[in-house]
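Chain letters run A, B, ... following the sequence lines, proteins first and then strands; every chain starts at 1.
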2 protein chains.
Amino acid sequence: MNLLSQSQIVAFENKMENFIPNHSVDCVILGYEDQQLKVLLLKWKMHGGWCLPGGFIFKDEDMDDAAHRILQERTGLHQLFLNQFYTFGNQKRAEHPTDQDGRLIKESMTQLGFTKPAVLKWFNKRFITTGYFALVDIAKAQPQPDFLSAACEWRPVNALPKLVLDHNEILEKAIVHLRHQLNYVPLGLSLLPKKFTMQDLQKLYEAILGKPMERSNFQRKILKLKVLVRREKLMSGAANKAPYLYSFDENSYHRLIKEGIGF
Amino acid sequence: MNLLSQSQIVAFENKMENFIPNHSVDCVILGYEDQQLKVLLLKWKMHGGWCLPGGFIFKDEDMDDAAHRILQERTGLHQLFLNQFYTFGNQKRAEHPTDQDGRLIKESMTQLGFTKPAVLKWFNKRFITTGYFALVDIAKAQPQPDFLSAACEWRPVNALPKLVLDHNEILEKAIVHLRHQLNYVPLGLSLLPKKFTMQDLQKLYEAILGKPMERSNFQRKILKLKVLVRREKLMSGAANKAPYLYSFDENSYHRLIKEGIGF
DNA sequence: TTATTATTGTATTTTTTTGACACAATAAAA
DNA sequence: TTTTATTGTGTCAAAAAAATACAATAATAA
């Protein structure tokens, strides 16, 4: 039994000719939920291995557009924060690409139903891959597996499975990059819902920086940036003072980010 | 008259088959001299246009190694600070690549002496290029043109000629990247000679940040980092107090850089 | 109704860092 | 010996950051 339908196979065979060979794009799509940083992963049909969403670049397509296309296909979202962070060009990436059980991908491809030698050859090429990272509001995203995947799920970055190829390394690099770029990235705007409490924002920063911050000092520092608009109070039902909700003034936030937040 | 010798042409034709198609590497090699940030540029034989040193990646070569190889070939230096900063993947990069006079590169290639259709086709491919930036002690480098270039020179980044293709954009991005990464990069260690005065270091920072800094405050801040070792005084012959020479304690400097200097 | 509880918004105090400037020390020249 | 330009270091006020204090308040329990 093939894991792919005949039409899926033909569709890929046709597309393949229009891709740039040897180069791919992988997306580290990050979200924030339950006070945890999460990443969108795919589970391959063939051997159940987890990987980052990725794809190839059409010959007449800008690489950035390819990344946006992949992001859109996996989340249903577009026009999001999406930045390139690194290109992985080790020759070893390609050598003997094996699945979790050590079988060559080539064999797995046959199992999927691919028969054309050109396709088998394609997946055994050396690929240089460019990593992009996206910041996404999980509540708005609708995860969609691609045709090679059985599942598409949010997973906490602190408790990840072993990913295929060098995808763990790619993810690691994305997060380091995010930490370094923190002052130039619309973190809260991208990862939080429209309205949020000061505590939400603080917990987000703590999750990414991996260290606690003093509550009142955090609040003072953030408010001094003049990018938050105070909204109504949030009556959560808890037996204590209700916090205010805030939202970002997008214009002044983006202006600030250009210079660097200095946080 | 061909601009290339027959052996140069044959050598390239043979190498070409072993390169990964569609992908190149460009190096922004930065140095510091006469209180100015300088970049190493090549002047093409064919039309005199200036460009960044670049090259292709062998099929059995890591991309980082390709960048190191190119750097080594142009400067004679190896084991230097060399970091990837961005990959340029716009489809437009390839469209109608013209020389300064608007002639197609293809025609220029013929002028160089290339005749094989495969070679002409190669230079008209779409290339995705990965940019690396290196920080180099100019005094130690020995600029060497490649076989396509007539000259290889250090040029101040503040007074650059128009470069071929999108190389101005690549350089611009490298410098922005450098400014953002300043706290994670061994700036002084790479760009200055072993021993230097506090003024040398300050002038370097001023050149890169593009703004003056207060002398005594700069000194206090730098010394507090505990990465400088004070050496003997420099008797310059000037009619004033002689400054101390300093050198970096490489171990503690690299340790500091990992965390981020916070300067 | 009133005390209790947990958490919030803000104020206050303390400590650290920064920016601006002062000044004595000094290598060579006048 | 005086002059000159520049250096190393110190000071002082302003600003920023860290630590702490405390009243306000939404719901709950008494």
Side-chain angles (χ1 to χ4, degrees), chain A residues 34-35 179 182-183 187-188 192-193 195-249 256-257 259-263, chain B residues 34-35 179 182-183 188 192-193 195-249 256 259-263:
Chain A
D34 303 332
Q35 304 193 0
R179 286 203 189 110
L182 219 53
N183 283 324
L187 192 72
L192 295 177
K195 293 179 184 179
F196 50 88
T197 66
M198 195 58 77
Q199 184 175 225
D200 292 335
L201 188 58
Q202 184 178 342
K203 285 277 157 60
L204 171 59
Y205 271 90
E206 289 178 342
I208 286 171
L209 293 173
K211 65 178 185 196
M213 309 173 85
E214 209 287 323
R215 186 182 58 86
S216 69
N217 294 333
F218 177 86
Q219 175 142 343
R220 177 170 41 84
K221 247 170 124 179
I222 285 282
L223 288 177
K224 206 166 58 179
L225 299 178
K226 304 273 183 200
V227 293
L228 290 185
V229 183
R230 187 191 266 188
R231 306 289 181 177
E232 72 278 10
K233 286 193 173 185
L234 171 68
M235 299 302 178
S236 63
N240 52 39
K241 190 173 180 179
Y244 284 103
L245 288 170
Y246 294 89
S247 64
F248 284 101
D249 179 316
L256 181 65
I257 277 170
E259 309 293 317
I261 297 180
F263 196 76
Chain B
D34 303 333
Q35 304 193 1
R179 290 207 184 107
L182 220 51
N183 284 323
L192 295 178
K195 294 178 182 177
F196 50 87
T197 66
M198 195 58 78
Q199 186 177 222
D200 292 335
L201 189 59
Q202 183 179 342
K203 285 278 157 58
L204 170 58
Y205 271 91
E206 289 178 342
I208 286 170
L209 293 173
K211 64 178 183 194
M213 308 172 85
E214 209 287 322
R215 186 181 58 84
S216 69
N217 295 331
F218 178 85
Q219 178 142 340
R220 183 184 48 194
K221 246 170 125 179
I222 285 282
L223 288 176
K224 206 166 57 178
L225 298 178
K226 305 272 184 201
V227 293
L228 289 185
V229 183
R230 185 192 267 189
R231 306 288 181 178
E232 73 277 10
K233 286 193 173 184
L234 170 67
M235 297 303 175
S236 64
N240 52 41
K241 190 173 180 179
Y244 285 103
L245 287 171
Y246 293 89
S247 64
F248 284 101
D249 179 316
L256 181 65
E259 309 292 317
I261 297 182
F263 195 78

Main chain of [Y], side chain of [X]: is a donor-acceptor contact present, judged purely on distance under 3.5 Å?
X        : Y        : value
B:Gln219 : B:Met198 : no
B:Gln35  : B:Ala207 : no
B:Arg231 : B:Ser247 : no

Quiz prompt | With B:Tyr244 via ring-ring contact (aromatic ring centres under 6.0 Å, His included) - residues at least two apart | solution = none
Measure the distance from [atom1] on [X] to [atom2] on [N] and round it to the nearest whole Å.
X        : N      : atom1 : atom2 : result
B:Ile222 : D:dG8  : CD1   : P     : 13 Å
B:Leu201 : D:dT7  : CG    : C1'   : 16 Å
B:Gln219 : D:dG10 : CD    : C1'   : 12 Å
B:Met198 : D:dG8  : CE    : C1'   : 10 Å
B:Leu245 : D:dT7  : CG    : P     : 12 Å

Quiz prompt | Interatomic distance, B:Phe196 atom CZ to B:Gln202 atom CD [nearest 0.5 angstrom] | solution = 13.0 Å
For nucleotides 18-22 of chain D, give me every protein contact, N/O to N/O, under 3.5 Å, one pair per line with atom names.
| unit_1 | atom_1 | unit_2 | atom_2 | d |
| --- | --- | --- | --- | --- |
| D:dA18 | N7 | A:Asn217 | OD1 | 3.3 |
| D:dA18 | N7 | A:Arg220 | NH2 | 3.0 |
| D:dA19 | N7 | A:Asn217 | OD1 | 3.4 |
| D:dA19 | N7 | A:Asn217 | ND2 | 3.1 |
| D:dA19 | N6 | A:Asn217 | OD1 | 3.4 |
| D:dT20 | O4 | A:Ser216 | OG | 2.6 |

Self-check item: Test item: B:Val227 and B:Asp249 side chains (from C-beta on) under 4.5 Å apart, heavy atoms
Solution: no
Self-check item: 4.5 Å side-chain heavy-atom contact, B:Leu245 and B:Lys233
Solution: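 They are not in side-chain contact.
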Practice problem: Go through the steps for B:Leu182 and B:Leu209 under the test side chain to side chain contact (heavy atoms under 4.5 Å, CB included), then give the verdict. | Solution: CA-CA 9 Å; B:Leu182 220 51; B:Leu209 293 173; 3.5 Å; yes
Self-check item: Contact residues, residues 227-244 of chain B to DNA chain C [heavy atom, < 4.0 Å]
Solution: B:Lys233, B:Met235, B:Gly237, B:Ala238, B:Ala239, B:Asn240, B:Lys241, B:Ala242
Self-check item: Range on DNA chain C touched by chain A - first to last nucleotide, heavy-atom distance under 4.0 Å
Solution: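 Using the under 4.0 Å cut-off, the span is C:dT5 to C:dA11.
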Exercise. Just jot down the side chain to side chain donor-acceptor pair (under 3.5 Å) partners of A:Arg230, sequence neighbours excluded, or say none.
Key: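 A:Arg230 satisfies side chain to side chain donor-acceptor pair (under 3.5 Å) with no residue once adjacent residues are dropped.
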Quiz item: Parallel, tilted or perpendicular: which describes the rings of B:Phe218 and B:Phe263, with under 30° parallel and over 60° perpendicular?
Solution: perpendicular
Quiz item: By side-chain contact (heavy atoms from CB on, under 4.5 Å), which residues pair with A:Asn217, not counting sequence neighbours?
Solution: A:Glu214, A:Arg220
